[in-house]
Q: 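I have a structure I would like to understand better, so I am pasting it below and will then ask my questions one at a time.
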Amino acid sequence: MQKKRSHRRLRRALVIIGGLLIVSLLGISLYFYQYAFVPSKKTFLSSHEPQVQQRARQWLTTVPKETWHETAAGAKLRLVADYVPAAKPTTRTVVIAHGYMNTKESQADKIRLFHQLGYNVLAPDDRGHGQSQGNYIGYGWPDRLDYVKWIKQLLKREGSHQQIALYGVSMGGATVMYMSGERLPKQVRAIIEDCGYTNIVDELAYQAKAQFGIPKYPLVPVVAAVATVRTGYNVFAASAPKQLAKNHLPILFIHGAKDKFVPTKMAYENYRATSAPKKLWIVPNAGHAQSYEKNQGKYTKLVKAWLKRYL
């Protein structure tokens with residue numbers, strides 16, 4: 001009898017402890033959901049902005065441009081983009097995807113680069129970023145379908161004779177890789193991705209370890225599950241390698257050799273995933289999203305040649 005009572009007490013204690021652990025895990029997961037998925041000022045992001053970018057921002061305020069609007073795919077969110085026409089009329093256009101907690105203005109240096117190369121440029125603000133509506137960060141996965149809508153609007157406005165390239169940095173790099181596995185209009189001819197990650201879960205796991213020393217399990221999958229419920233998109237489904245396996249467009253991969261935000265090894269995994277025409281440039285001494293800053297001359301030459309070859 002005494003043994004039965006002891007066993008019941010033990011089971012009760014284990015249930016209580018288990019319940020407390022689950023509640024604690026959910027509480028911590030909600031905190032990290034807020035930390036990683038809700039748009040806000042992120043203290044872990046560098047505020048450093050090189051002079052080339054500062055000058056480009058000023059240039060962007062003076063160059064002729066149009067403001068376009070679109071509705072997000074599968075969501076009642078109003079999205080905003082800048083369209084910067086080339087100085088001389090052309091049918092060649094580059095669509096630019098920005099990074100995590102950045103805006104279209106953060107890509108001013110790239111907008112100016114492509115403008116100087118003679119291209120039209122379409123640069124949207126993603127959901128939850130800049131002037132676009134949204135209370136969550138899509139990490140490029142739901143955004144990939146928004147960009148398909150932007151491309152269709154571009155074709156409707158500027159004509160079906162357009163020749164289009166996709167360009168993205170960091171989260172934007174992941175975005176254009178995610179797009180590569182979709183059924184894109186035939187006018188999309190080439191992709192350039194700079195320091196994009198393989199998938200959301202692995203990037204979250206890398207950041208959890210790098211910033212807090214927390215292992216992937218059990219926290220990261222729970223955070224991803226919470227995010228899936230709260231945002232309405234499947235965080236687990238996002239995979240650049242899986243999308244790249246379906247890709248047929250020529251793609252240029254660029255990644256800093258000293259990237260500590262999106263580990264350089266992810267570039268190799270993404271590169272191996274596609275059988276389309278491809279090229280990989282690992283930039284010496286470049287940290288995250290620093291490849292253009294560190295080697296502006298070679299970056300420009302490589303991007304120019306890639307676009308000239310396929311557009």
Side-chain angles (χ1 to χ4, degrees), residues 45-60 63 84 86 92 94-119 121 123 140 165-177 180 189-198 203 206 210 240 244 249-274 276-311:
L45 295 177
S46 172
S47 59
H48 167 73
E49 190 169 77
Q51 285 190 352
V52 64
Q53 174 65 343
Q54 295 174 22
R55 292 193 295 268
R57 279 184 182 268
Q58 181 59 36
W59 169 85
L60 190 58
V63 69
V84 182
R92 301 182 303 167
V94 178
V95 179
I96 291 182
H98 64 73
Y100 180 86
M101 288 314 305
N102 287 155
T103 63
K104 53 188 178 347
E105 288 80 14
S106 72
Q107 294 303 301
D109 55 343
K110 307 307 181 345
I111 296 172
R112 184 175 65 175
L113 168 63
F114 293 122
H115 183 78
Q116 290 173 340
L117 292 176
Y119 296 88
V121 180
L166 308 178
Y167 172 89
V169 176
S170 190
M171 184 179 79
T175 303
V176 297
M177 287 189 287
S180 75
R189 304 289 182 82
I191 301 172
I192 301 170
E193 82 83 21
D194 186 335
C195 62
Y197 39 80
T198 50
E203 178 60 15
Y206 178 81
L244 286 165
L249 295 172
I251 179 166
L252 171 62
F253 297 88
I254 302 171
H255 214 105
K258 294 185 176 180
D259 196 330
K260 303 300 182 185
F261 195 79
V262 175
T264 309
K265 66 180 183 179
M266 289 189 176
Y268 293 100
E269 185 176 347
N270 288 329
Y271 178 78
R272 289 192 299 267
T274 185
K278 57 187 177 180
K279 184 179 181 66
L280 172 63
W281 179 35
I282 302 298
V283 184
N285 301 315
H288 185 64
Q290 291 182 342
S291 296
Y292 182 64
E293 175 189 354
K294 292 293 185 181
N295 201 330
Q296 191 173 338
K298 185 172 180 179
Y299 196 108
T300 300
K301 184 179 179 180
L302 191 61
V303 164
K304 180 180 179 180
W306 194 259
L307 294 178
K308 186 177 180 180
R309 181 176 180 181
Y310 293 107
L311 265 65

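Position 1 is the first residue of the sequence; numbering continues from there. Please read all numbers here as calculations on a predicted model, not as lab measurements.
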Q: Any sub-3.5 Å donor-acceptor pair from Gln290's side-chain atoms to Gly287's backbone N or O?
A: yes
Q: State the OG1-CD1 distance between Thr264 and Ile282, to the nearest 0.5 angstrom.
A: 6.0 Å
Q: Side chain to side chain contact (heavy atoms under 4.5 Å, CB included) with Met177: which of Thr198, Ile191, Thr274, Leu244?
A: Leu244
Q: Measure the spacing between CZ of Phe261 and OH of Tyr197 and express it to the nearest 0.5 Å.
A: 9.0 Å
Q: Are side-chain N/O atoms of Tyr292 and Asp194 paired as donor and acceptor at under 3.5 Å?
A: no
Q: Could you walk me through whether Leu302 and Ile192 pass side-chain contact (heavy atoms from CB on, under 4.5 Å), step by step?
A: CA-CA 10 Å; Leu302 191 61; Ile192 301 170; over 6 Å; no
Q: For the backbone of Ala97 and the side chain of Gln107, can you confirm whether one donor and one acceptor N or O come within less than 3.5 Å of each other?
A: no
Q: If the plane angle is over 60° it's perpendicular, under 30° parallel, otherwise tilted; pick one for Tyr119 and Phe114.
A: perpendicular
Q: Got Val176 and Ile251 here, is their nearest side-chain heavy-atom distance under 4.5 Å?
A: no
Q: Evaluate the side-chain proximity of Leu60 to Arg112: yes if any heavy-atom separation is below 4.5 Å, no if none is.
A: no
Q: What heavy-atom pair brings Ala257 and Pro284 nearest, and what distance separates the two atoms?
A: CB-CA, 4.1 Å
Q: So how far is it from Asn295 CG to Asn285 CG, rounded to the nearest 0.5 Å?
A: 10.0 Å
Q: Does NZ in Lys278 sit with more than 12 non-hydrogen atoms of other residues, nucleotides or ligands closer than 6.0 Å?
A: yes
Q: I'd like to know if the side chain of Gln53 reaches the main chain of Ser106, judged simply by a donor and an acceptor atom lying under 3.5 Å from each other, with no hydrogens or angles considered.
A: yes
Q: Roughly how far, to the nearest 0.5 Å, is CH2 of Trp59 from CD of Gln116?
A: 7.0 Å
Q: Hey, is the main chain of Tyr268 close enough, under 3.5 Å, to the side chain of His255 for a donor-acceptor pair?
A: no
Q: Find out whether Tyr167 and Val121 are in side-chain contact, i.e. whether some heavy atom of one side chain is under 4.5 Å from a heavy atom of the other.
A: no
Q: Is any side-chain heavy atom of Cys195 less than 4.5 Å from a side-chain heavy atom of Met266?
A: no
Q: For Ser170 and Gly99, work out which heavy atoms get closest and say how close.
A: CB-CA, 4.3 Å
Q: Taking the side chain as every heavy atom from C-beta outward, state whether Ile96 and Lys104 have any pair of such atoms under 4.5 Å apart.
A: no
Q: Can you give me the closest heavy-atom contact between Gly140 and Thr175, atom names plus distance?
A: CA-OG1, 3.2 Å
Q: Apply side-chain contact (heavy atoms from CB on, under 4.5 Å) to Lys110 and Val94, showing your working.
A: CA-CA 10 Å; Lys110 307 307 181 345; Val94 178; over 6 Å; no
Q: Distance from Asn270 atom CG to Glu193 atom CD, nearest 0.5 Å?
A: 6.0 Å
Q: Taking atom CE of Met171 and atom CG of Asn102, what is their separation to the nearest 0.5 Å?
A: 7.5 Å
